[in-house]
Amino acid sequence: MNEAKLKRLLHDYFNDTINHADCMELLEYLKNTDAGKIEGYISEDLLKLDEGPELMPLQARDIWKQITSDVRYANIAAQVTDNQSPAVKLYRKTWFWVAAALLVFLAVGLIFFNRQFAPPVANKRYVKHENNNVILPGSNKAILTTANGEVLVLEQAANGLIVKSGNIKVLKTHNGQIIYNLKDQKQSSSVQQISYNTLTTPKGGEYQVVLADGTKIWLNAASSITYPTAFGNKERRIKLSGEAYFEVAKDARKPFYVNTANGQIRVLGTHFNISAYPDDDVTSTTLLEGTVQVTKNQSSSLLKPGQQASISRGSDQIRVAEAKMDEVMAWKNGYFIFDEDNIADIMKKVSRWYDVDVQYHGSVDDQKFGGTFHRSKSISDLLHYLEKIGNIHFLITGRRITVTR
């Protein structure tokens, strides 16, 4: 089979337009072809990962589930006898790479599939626009509110010095970041009157801040942090609403606290992510490096790297489990990663990043979706592929998205 025909048959298979004869020919070819040849072809012609996202393990596992769930695969695999077990292994290995590569190739930056593998819907329609309004993805946008009530829209401010108060200078960089410089670090221990600033990202915005002690914070969309311009001599304490990733500067003499509406996190110097949106039912803290202590009233848990602590609203119980690190850190790395998420959870993230309102007509919560998507892509691309793989439709009216069957 030549390369052009192979690509055509793979394309037809994943679009569920392949006929029975072509399907059997494709499966036989993959079963009997050297895996190295297939993988080499994929690497050269399909797996252009520099042009799209990297396949994460969770997508790879589920892509394999998608292939093996196909009754056509089961039928032909059953024809392989027990004494042909090496061929079965080769068959599976080949299919894994073909499936993974094809999804990258077809999506051009989008890896998406419906975990329920719904059958094709007759007369499927795609994202409908009621006007020509263009909804752009999020970008570096934030508002800085100083202790004296001054409000600065950072995307409109010039780079360089934007605030000077006593020994504190606040600098804005070109890449969506503000930096607090303390002229004399020793004076931070003798601060009598602590001044607080608040950094707020709107829906469709993200920003970074470097605090006076060197702590780095990445703020996700629709989030805010309140922090002192210089820390006192006993502790470092800030407040968070929404989601942020922290790289806390080490200082054993001054523990670092993050307060949310649903708990407190205590650290000395570490890397971690907190998701504490007011409209989410669960507040989660995920540890990448170091040690953190999560507290809610009388309950307390100490996390190790790779663990996640979750606290449900209205409960003091702290549940600790292994974290899905790729999924947790996706927003900071420029992706959405969904893992068996329902459409309401997906659209909540979409709403925050693209600054849109979402409404629902009818029940659409019985489908699960998973995959990886660049946050820099258009919202139409994302919704188009959700429609393509599931029994779901979207109507865009201005900045409102209506979700229906």
Side-chain angles (χ1 to χ4, degrees), residues 142-143 145 196-203 205-207 209 211 215-228 231 235-248 255-325 327-332 336-342 344-353 358:
I143 295 172
T145 304
Y196 289 88
N197 286 2
T198 298
L199 183 66
T200 304
T201 53
K203 292 170 67 174
E206 63 181 357
Y207 225 80
V209 57
L211 302 182
T215 292
K216 299 177 181 178
I217 304 174
W218 286 255
L219 201 59
N220 202 354
S223 304
S224 69
I225 48 172
T226 299
Y227 51 89
F231 293 105
E235 64 182 23
R236 298 170 289 170
R237 190 178 294 270
I238 74 167
K239 292 176 61 177
L240 168 69
S241 175
E243 185 168 23
Y245 170 71
F246 297 79
E247 293 184 356
V248 176
F256 193 99
Y257 295 90
V258 182
N259 289 98
T260 72
N262 202 29
Q264 174 182 275
I265 296 88
R266 180 183 185 273
V267 306
L268 292 176
T270 187
H271 299 180
F272 59 99
N273 189 85
I274 301 176
S275 180
Y277 282 104
D279 58 342
D280 282 348
D281 293 331
V282 176
T283 295
S284 62
T285 301
T286 307
L287 182 63
L288 284 78
E289 176 184 308
T291 304
V292 300
Q293 183 181 46
V294 180
T295 303
K296 174 73 180 291
N297 295 330
Q298 303 304 313
S299 301
S300 181
S301 290
L302 201 64
L303 296 188
K304 298 177 182 179
Q307 291 184 328
Q308 182 180 78
S310 300
I311 306 174
S312 296
R313 184 184 301 159
S315 171
D316 289 352
Q317 181 182 4
I318 302 173
R319 290 174 288 115
V320 178
E322 292 300 310
K324 298 178 179 179
M325 205 61 71
E327 187 177 348
V328 171
M329 296 305 299
W331 73 269
K332 179 180 175 291
F336 291 110
I337 293 183
F338 305 121
D339 182 17
E340 294 193 7
D341 289 355
N342 62 42
D345 290 336
I346 290 174
M347 294 308 295
K348 191 178 289 185
K349 295 178 181 179
V350 168
S351 172
R352 292 169 185 156
W353 182 238
V358 180

Backbone N/O of Ser224 and side chain of Thr200: donor-acceptor pair under 3.5 Å:
no
Rounded to the nearest 0.5 Å, how far apart are [atom1] of [X] and [atom2] of [Y]?
X	Y	atom1	atom2	value
Thr286	Glu322	OG1	CD	11.0 Å
Ile311	Asn297	CD1	CG	9.0 Å
Glu247	Ile217	CD	CD1	10.5 Å
Thr260	Glu243	OG1	CD	12.5 Å
Leu240	Ile225	CG	CD1	7.5 Å
Met329	Tyr245	CE	OH	5.0 Å

Would you say Gln317 and Ser312 make side-chain contact, with heavy atoms under 4.5 Å?
no
Please report the closest heavy-atom contact between [X] and [Y], naming both atoms and the distance.
X	Y	answer
Ser241	Pro278	OG-CG, 3.5 Å
Asp341	Phe338	OD2-CD2, 3.4 Å
Phe336	Ala330	C-CB, 4.3 Å
Phe272	Leu288	CA-CD1, 4.1 Å
Ser310	Ser284	OG-CB, 4.2 Å
Val358	Met347	CG2-CE, 3.9 Å

Please collect all ring-ring contact (aromatic ring centres under 6.0 Å, His included) contacts where either partner lies in residues 273-300, sequence neighbours excluded, each pair once.
none
For [X], salt bridge (Lys or Arg N to Asp or Glu O under 4.0 Å) partners two or more places apart:
X	answer
Asp345	none
Arg313	Asp281
Arg236	Asp213
Glu206	Arg375

Can Asp280 and Arg352 be said to form a salt bridge (Lys or Arg N to Asp or Glu O under 4.0 Å), step by step?
CA-CA 12 Å; Asp280 282 348; Arg352 292 169 185 156; 3.1 Å; yes
Please step through side chain to side chain contact (heavy atoms under 4.5 Å, CB included) for the pair Leu199 and Asn197, ending with a clear verdict.
CA-CA 7 Å; Leu199 183 66; Asn197 286 2; over 6 Å; no
Can you name the residues that form a ring-ring contact (aromatic ring centres under 6.0 Å, His included) with Tyr227, not counting sequence neighbours?
Tyr180
Residues passing the ring-ring contact (aromatic ring centres under 6.0 Å, His included) test with Tyr207, sequence neighbours excluded, are none
The side chain to side chain donor-acceptor pair (under 3.5 Å) partners of Glu235 (sequence neighbours excluded) come to Arg237
Applying side chain to side chain contact (heavy atoms under 4.5 Å, CB included), name anything that partners Val320, two or more places apart in sequence or on another chain.
Ser301, Leu303, Gln307, Ala309, Ile318
Pairing residues for Thr226 by the side chain to side chain contact (heavy atoms under 4.5 Å, CB included) criterion, not counting sequence neighbours:
Tyr196, Thr198, Lys239
With side chain to side chain contact (heavy atoms under 4.5 Å, CB included) as the criterion, how do Ile238 and Phe256 come out once you've worked through the C-alpha distance, each side chain's angles and the decisive distance to 0.1 Å?
CA-CA 8 Å; Ile238 74 167; Phe256 193 99; 4.1 Å; yes
Can you pull the salt bridge (Lys or Arg N to Asp or Glu O under 4.0 Å) pairs that have at least one residue in residues 257-271, sequence neighbours excluded?
none
Among residues two or more places apart or on two chains, list those pairs meeting salt bridge (Lys or Arg N to Asp or Glu O under 4.0 Å) that have a residue in residues 293-309.
Lys296-Asp316
